[in-house]
Each structure stands twice: as structure tokens, then as C-alpha cells.
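Input: a single structure, listed below in C-alpha cells.
Excluded from the calculations below are hydrogen atoms, water molecules and symmetry mates; all remaining heavy atoms, backbone and side chain alike, are included. Each chain gets a letter, A, B and so on, in the order its sequence line appears, and its residues count up from 1.
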Number of protein chains: 2
Amino acid sequence: MGRRERNKIDTRRAIADAAFDLARSVGPGAFTADQIAERAGVSRRTFFNYFHSAEDALTVRMDGFLELALGVFGSMPAGEPLFESIIRAFSETTRMEGLSQHGELFRMADTNPELLRAQLHSWERAEVLIAEALRRRLGSVTGDLYLTALVGSVLSCTKAAVRDWAATTAEDAEDSGEQLEARILAALSMLRDGFSEPVASGAPSTARDTHASPGQPV
Amino acid sequence: MGRRERNKIDTRRAIADAAFDLARSVGPGAFTADQIAERAGVSRRTFFNYFHSAEDALTVRMDGFLELALGVFGSMPAGEPLFESIIRAFSETTRMEGLSQHGELFRMADTNPELLRAQLHSWERAEVLIAEALRRRLGSVTGDLYLTALVGSVLSCTKAAVRDWAATTAEDAEDSGEQLEARILAALSMLRDGFSEPVASGAPSTARDTHASPGQPV
DNA sequence: GCCCTGATTGCACGGTGTGCAATTATTCGC
DNA sequence: GCGAATAATTGCACACCGTGCAATCAGGGC
């Protein structure tokens, strides 16, 4: 990797870190692009070469998480049942990534509409990427609607899991990673079972065969 | 309804209409707040009293659609199976609303990131409202994660249906409403059945009992 | 070393979003 | 009706945003 490439990555990272530090210390939405740039040691103009708003600089981590999950998913054996692959992809990703900052960023979105929008956009971009990957895996027989509805639902469940985790789990907890993993598993299991039976808090139904029983839900 | 209230509604509407007209004629993102204000016959400052940004003025219709759907859902009989209620709520809503502009707005989001973000935010707001309504219906036994994952998935499916519809159906088609309704029904049926079997384009599986058969999906 | 390519920077400029105080329009008590 | 309370509209000011442009600086190829 050449010097040029290396520098760009470093700069990008420096800016993202500066933005995160500022968000953390003065609160999201309470600082300007100039402040980020100054802290990152670049000019204001350069900041806007990398991101087009302060909030965007705060989604780098989430983008990374979702792209990483996509990469992991891509390496799953093709024969494996789809939901197995999806669940494992997210589970393994939670183990690879440092999660402490993610929860914090998520909570920040509660008090800052612009940041929330940026994060929603990040999920949306991931949705498109994942849909493309899945199309390659499932082939062209599958309808577009099926594909996009599935991917959207999977990400919604993941989002719900992450939010629940961010809301209830201290980010410095020992088992923080496992907590998130369990929630993702629980939410995706619900999805796989068509939400046929309401599940109370903290009691994820992971049994494969909840699937055979249900009759009329709710 | 007093004069004050009436005027506010009219102003809001005038601004939203002006924004839509402009978006339609010069393209989304190609006009300023001043232009909207001028066309609506109010001051620039007043525009910002009603909306945070030009793009926000373009989500009024979508907000209306989703709030209407929520209202319809609220009037469903409490004993009815949940997915029945949800599906019927959206179906009936598509019959009440003039849909011609919705498709156009959706397509505009493809070429305008800010508008996309505003629309995603609109879905997000609806998600919160619907989750609250559902909590009242289902009671407190239900876990938070179950609830938010369910609502997120339902809206993701609806979103996928609307997008597919917007992408494939001319907004002035005779059966435009039915087209959308069918897609929403199809997507929500897939969800109810846990996406157990891939469905090709244009062949919605609406049978309730796809549910009993499946075994390992995909 | 010299040139080429690409990243960084300063500058300028139109647009954004909001606090504030003045003005104008409705409402309400009488 | 009429004046006082209340709420909406407006103009103004101001800091900040986001981007085109041209100059400058750093890295890579030869």
C-alpha cells in the first residue's frame, strides 16, 4: 500500500475520530465542521472533501460494521440455510468489532435528528449492498419484492436488536458482545418464525421448531 | 374549527404544494427555500417556521399516508389476528389516498440523498407511532424487542412494496391502487410466513397455509 | 531530479437555519 | 363592538454550511 492511499485512510480516520470525540464531549449537533477539522489537523475544506456533514463523519463506524457483516456473510457456505447464514454473519461480526462506541452513537441519535437521519441512511446503503449480494447468492429466479422485503426485514430486526441493546446494556459491560449477539439471534429468530408468537423481554426463543406449532398468531 | 387553526393548515398545505410543484418542475434539490416561500406566498422565515428544510416539505404526503394507515389500524377489531389487521389497514389506506404523487416522490429520492433521508426519517417516525399503538393493543406482556422488530419488519415490507410499485407501475395507470395493494399484501404475507420460500416476481402467495408446509427455507 | 498525478488548502459566494424583536392577525372577556 | 391577551408572520442579523475554483503541495514513475 502506497503512501498516498495510506494518508487518505489516516486522514479519514483522524476526522472520524475527531468528530466522535467532539460528539462525546460536547454532545452531537453542538459542534461545527471547523472544530472537527481543527481537531483532526486538516482544513475545513478538506473536511468537506471527506464528508458532507458533521453527522456523516459519525456514521463511519456503522458503515464499517455493516460492511464487515456483509463480508462475513459472503464467506458463508452457499448450501447453508439462508437464515443460518444471516444469523451467523451478524453473530461473528459482533465478535470482531469493538462495540463500545456503537452503543454510544446509537444513543446519541435519540437527541439529534440529523444524526438519526445519517444513521438511517447508513442502514439504507447497507440494505442495497446486501440485497445485491443476496441476489448473487439466490440467483435470478427470486423476485425483486421478495428480496428487498427480506433484506429490509432482516436489517430492521438487527436494528431493533441493536437499539434494544444500546438502550439496556452498559457499553462497558463484560458480556456486552454476548448481549448484542443474543438479541440479534432472538430478533432474527422471530422473523424466521413469522412473528407467530409474542415473546416477552429477555426470553429469546431460539428453538428451530417453534416453527411447526403455531396456528393463528396473536 | 377556528380561523387560526384553519389558516395554519392552509399555509402548511400551500407550502407543501409549492415545494412539490417545484420539485416536479425543476427537480428535487434544484430549488431554494426562498423559491418555495415565494411560490407559497409567505416569507422565507415563515417557511422555516413550518419545515426544517426544503426536503421536509416533501414528506408531508408520506407522513399523511402513514398516519392515515395508523388511524385505520386503530379502528380494526381487537380480536382479529394481528397480520390480518395490519394487512387490511394498509390495503384500505391505499384506497383512501390519492397515490399518484407518492410514486413520483419515491422516485425522486433516487436522485436526491437529502430527500431520501427525509423519507427514511418519515418511516422512522411512523415506526415509533405504530409501535406505541401496538403496545396498547398487545399489552405489556410483549417484549420490547419483539414489538420493535415486528413493526420494523412490517414497515420494511411495506416500504419494499411501495418501492417496487413506484419502480414498475406508471402512476397514472388505471389499476395503480390495486397494484400497490397487491404488492403490500404479497410482502406482508411473505413476512407472516417467515420468508420460508422464495417468491418470483408477480406471483404473490397469499394463501394462509403456505405456513404449515415448509421445512428448511432456501 | 523532473514531471505528472492527485490531495490539500484558501477564498469566495450563495444558501441554510434560527434567535430576536417588531408587526399583524385572531380570539376572548366584557 | 372594543380593547387586551394571544398567536402567527415577518424582517433582520448572524453564524454556519457546502461547493466551485485556482493555487499549492506531496507522492510516484521514469
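Between D:dT9 and B:T46, no contact under 4.0 Å exists linking OP1 or OP2 to a side-chain N or O. Contact annotation: B:Y50 reaches the phosphate of D:dT9 (side-chain N/O to OP1 or OP2, under 4.0 Å).
Taking atom CZ of residue B:R6 and atom C1' of nucleotide D:dA8, one finds them 16 Å apart after rounding to whole Å. In this structure, B:N49 atom CG and D:dA7 atom P are separated by 15 Å, rounded to whole Å. Spacing between atom CD of A:E38 and atom C1' of D:dC16 amounts to 15 Å, rounded to whole angstrom units. Separating the CD atom of A:E5 from the C1' atom of C:dT5 is a distance of 15 Å, rounded to the nearest angstrom.
At a threshold of 4.5 Å between non-hydrogen side-chain atoms, the residues A:Q35 and A:T32 count as touching. Side-chain atoms of B:L134 and B:F73, non-hydrogen and from C-beta on, do get closer than 4.5 Å to each other.
Within the model, atoms OG1 of B:T169 and CG of B:L180 stand 8.0 Å from one another, a figure rounded to the nearest 0.5 Å. With rounding to the nearest 0.5 angstrom, the CG atom of B:L70 is 9.0 Å from the CD atom of B:E132.
Looking at which nucleotide of DNA chain D each of B:G41 and B:E114 is closest to, the 5′-most match is held by B:G41.
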Query - Per-nucleotide protein contact string for nucleotides 13-24 of chain C, where B marks a base within reach and S marks sugar-phosphate only (heavy atoms under 4.0 Å, - for neither) - result: --SBBBBB----
Report task. Evaluate side-chain hydrogen bond (donor to acceptor under 3.5 Å, both in side chains) for A:Q179 paired with A:R183, printing each intermediate quantity in order. Result -> CA-CA 6 Å; A:Q179 291 282 335; A:R183 279 174 175 74; 2.8 Å; yes
Requested in this report: Let me see the working for B:D17 and B:R39 under salt bridge (Lys or Arg N to Asp or Glu O under 4.0 Å), right down to the final yes or no.
Outcome: CA-CA 9 Å; B:D17 287 348; B:R39 184 179 279 238; over 6 Å; no
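Look at A:E55 and A:R117 and you find no salt bridge, because none of the NZ, NE, NH1 or NH2 atoms lies under 4.0 Å from a carboxylate O.
Looking at A:Y146, its side chain does come within 3.5 Å of a backbone N or O of B:F195 through a donor-acceptor pair.
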Show me the protein contacts with nucleotides 25-27 of chain D, counting only N or O atoms at under 3.5 Å.
{"residue": "D:dG27", "atom": "O3'", "partner": "A:R4", "partner atom": "N", "Å": "3.4"}

